[in-house]
Participant: 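Questions regarding the structure given below will be posed in turn.
Fair warning: this is a prediction, and the values are worked out from it, not measured in the lab.
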Amino acid sequence: MGQKVNPHGARVGVIKDWSTRWYADKKNFADNLVSDAKLRKMIKELEFVDDKSKKPVKLYDAGISSIDIERRFDNDKVRVTVTLNVAKPGIVIGANGANIEKIKAAIMKELGAQNAQVILNVQEIKNPDLDAQLVAENIAAQLEKRIGYRRAMKKAMQNATRLGAKGIKVTCGGRLGGAEIARSETYHEGTIPLQ
């Protein structure tokens, strides 16, 4: 098996920032780490009913690229700041900020700490077609709707290069086109330096 390590680790502190910011001693470190992972998973899967339209809203549909978590420990209080980087902030905010309160309540419930104060920030991603996470989720959504994998991949590459990406590489794997044997197909365009 190939030993592929995510390049994010090599870039943290140089061109990328930490996705989670807090300091904890040895006995609390593991709990905080697990709590962060559960919080991210819960936010991605969160569903609630919109007050205005009375329709169910999936937070996943807002196009969540990344979730930044910051914890501040002041005496016995914990201040948790969650920043959502999303493509469609309107879904997250809702009418007059009604959805934000529901998300905050869900985060408080997930944290399970009565003395926690939650601050929720929503940042818009201007070009979702240039964000790797959102491009991947878009291709996956198209595959779920039974759109041809080649067409989905090529369209994503076209959109990214049109918006000014220097290079893009897309790999799709599994039983492509309903084939009995799984395989992976890769397409790339432009410059993709490996360092």
Participant: Using 0.5 Å steps for rounding, measure from the OG1 atom of Thr81 to the CZ atom of Arg21.
Facilitator: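 Those atoms lie 9.0 Å apart.
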Participant: Please determine whether the number of non-hydrogen atoms from other residues, nucleotides or ligands lying under 6.0 Å from atom NZ of Lys44 exceeds 12.
Facilitator: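 Check passes, neighbour count above 12.
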Participant: Output side-chain donor-acceptor pairs under 3.5 Å for residues 138-147, partner residues at least two apart or in another chain, one line each.
Facilitator:
from: Asn138; atom 1: OD1; to: Gln142; atom 2: NE2; distance (Å): 3.3

Participant: Between Val118 and Leu111, is there a side-chain heavy-atom distance shorter than 4.5 Å?
Facilitator: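 A side-chain contact exists here, since the closest heavy-atom pair is under 4.5 Å.
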Participant: Please report, to 0.1 Å, the donor-acceptor pairs under 3.5 Å made by any side chain of residues 29-36, with sequence neighbours excluded.
Facilitator:
from: Ser35; atom 1: OG; to: Arg71; atom 2: NH2; distance (Å): 3.0
from: Asp36; atom 1: OD1; to: Arg71; atom 2: NE; distance (Å): 3.3
from: Asp36; atom 1: OD1; to: Arg71; atom 2: NH2; distance (Å): 2.6
from: Asp36; atom 1: OD2; to: Trp22; atom 2: NE1; distance (Å): 2.7

Participant: Val170 vs Thr186, test: side-chain contact (heavy atoms from CB on, under 4.5 Å). Steps then yes/no.
Facilitator: CA-CA 6 Å; Val170 184; Thr186 305; over 6 Å; no
Participant: Answer yes or no: are there more than 12 heavy-atom neighbours, outside Arg72 itself, under 6.0 Å from its atom CZ?
Facilitator: no
Participant: Please say yes or no: joined through hydrophobic side-chain contacts below 4.5 Å, possibly via intermediate residues, are Ile100 and Ile69 part of one cluster?
Facilitator: yes
Participant: When rounded to the nearest 0.5 angstrom, what is the spacing between CD in Glu101 and CZ in Phe48?
Facilitator: 11.5 Å
Participant: Heavy atoms, side chains only, cut-off 4.5 Å: are Tyr60 and Glu137 in contact?
Facilitator: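 They are in side-chain contact.
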Participant: Tell me the closest heavy-atom pair linking Ala62 and Val92, and the distance in Å.
Facilitator: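 Between these two residues, the closest heavy atoms are CB-CG2, 3.7 Å.
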Participant: Could you grab the distance from atom OG of Ser19 to atom NE2 of His8, nearest 0.5 Å is fine?
Facilitator: 6.0 Å
Participant: Among Ile, Leu, Val, Met, Phe, Trp and Tyr joined by side-chain contacts under 4.5 Å, find the other residues sharing a cluster with Tyr23 and list them by chain and number.
Facilitator: none
Participant: Do Gln117 and Val80 come close enough that some side-chain heavy atom pair is under 4.5 Å?
Facilitator: no
Participant: Using the side-chain contact (heavy atoms from CB on, under 4.5 Å) rule, take Val49 and Val57 through it: C-alpha gap first, then chi angles, then the decisive distance, then the call.
Facilitator: CA-CA 6 Å; Val49 178; Val57 175; over 6 Å; no
Participant: Considering only heavy atoms from C-beta outward, does the side chain of Leu59 approach that of Ile43 to under 4.5 Å?
Facilitator: yes
Participant: For the CG atom of Asn85 and the CD atom of Gln123, what is their distance to the nearest 0.5 Å?
Facilitator: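 Reported to 0.5 Å precision, the distance equals 5.0 Å.
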Participant: List, by chain and number, the other hydrophobic cluster members for Val12, where Ile, Leu, Val, Met, Phe, Trp and Tyr join if side-chain heavy atoms come within less than 4.5 Å, directly or indirectly.
Facilitator: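 So far as hydrophobic clustering goes, Val12 is joined with Trp18.
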Participant: Please check if the number of heavy atoms outside Lys102 that lie under 6.0 Å from its NZ is greater than 12.
Facilitator: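 Count over threshold, so yes.
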Participant: Distance-only, no hydrogens or angles: does the Asn127 side chain make a donor-acceptor pair with backbone N or O of Asp129 under 3.5 Å?
Facilitator: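 Side chain of Asn127 to backbone of Asp129, a donor-acceptor pair under 3.5 Å: no, none is there.
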Participant: Looking at CE of Met153 and NE2 of His188, how far apart are the two atoms once the value is rounded to the nearest 0.5 Å?
Facilitator: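 These two atoms lie 10.5 Å from each other.
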Participant: Evaluate the criterion side-chain contact (heavy atoms from CB on, under 4.5 Å) for residue pair Leu120 and Ile107; output intermediate values, then yes/no.
Facilitator: CA-CA 9 Å; Leu120 188 65; Ile107 291 171; 4.0 Å; yes
Participant: Hey, what do you get for CG (Leu134) to NZ (Lys88), rounding to the nearest 0.5 Å?
Facilitator: 9.5 Å
Participant: Using the test salt bridge (charged side-chain N to carboxylate O under 4.0 Å, His left out), find all partners of Lys54 that sit at least two apart in sequence or belong to another chain.
Facilitator: none
Participant: Is there a side-chain contact between Glu185 and Thr171 in this structure, where contact means two heavy atoms from C-beta onward sitting under 4.5 Å apart?
Facilitator: no
Participant: Would a single hydrophobic cluster contain both Val122 and Ile64, if residues Ile, Leu, Val, Met, Phe, Trp and Tyr are joined by side-chain heavy-atom contacts under 4.5 Å?
Facilitator: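 Result: yes, single cluster for both.
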Participant: For Ala160 versus Leu130, what's the shortest heavy-atom pair and its separation?
Facilitator: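 Heavy atoms only, the tightest pair is O-CD2, 3.5 Å.
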Participant: Any side-chain heavy atom of Glu124 sitting closer than 4.5 Å to one from Val86?
Facilitator: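 No; the side chains remain at least 4.5 Å from each other.
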Participant: Does Lys58 reach the main-chain N or O of Leu46 with its side chain, forming a donor-acceptor pair under 3.5 Å?
Facilitator: no
Participant: With a 3.5 Å cut-off and no angle check, do the side chains of Ser66 and Arg40 form a donor-acceptor pair?
Facilitator: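 The answer is no; no qualifying pair exists.
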Participant: For Tyr187, check ring pair (Phe, Tyr, Trp, His ring centres under 6.0 Å) against everything at least two apart and list the hits.
Facilitator: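 Tyr187 satisfies ring pair (Phe, Tyr, Trp, His ring centres under 6.0 Å) with no other residue.
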Participant: Is a side-chain N or O of Arg11 found less than 3.5 angstrom from the main chain of Ile15, in a donor-acceptor match?
Facilitator: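 No.
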Participant: Would you sort out whether Thr83 and Ile67 count as a side-chain contact (heavy atoms from CB on, under 4.5 Å), showing the intermediate values?
Facilitator: CA-CA 6 Å; Thr83 306; Ile67 301 167; over 6 Å; no
Participant: Any heavy-atom pair between the side chains of Asn121 and Val82 that's under 4.5 Å?
Facilitator: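 Not touching, per the 4.5 Å side-chain cut-off.
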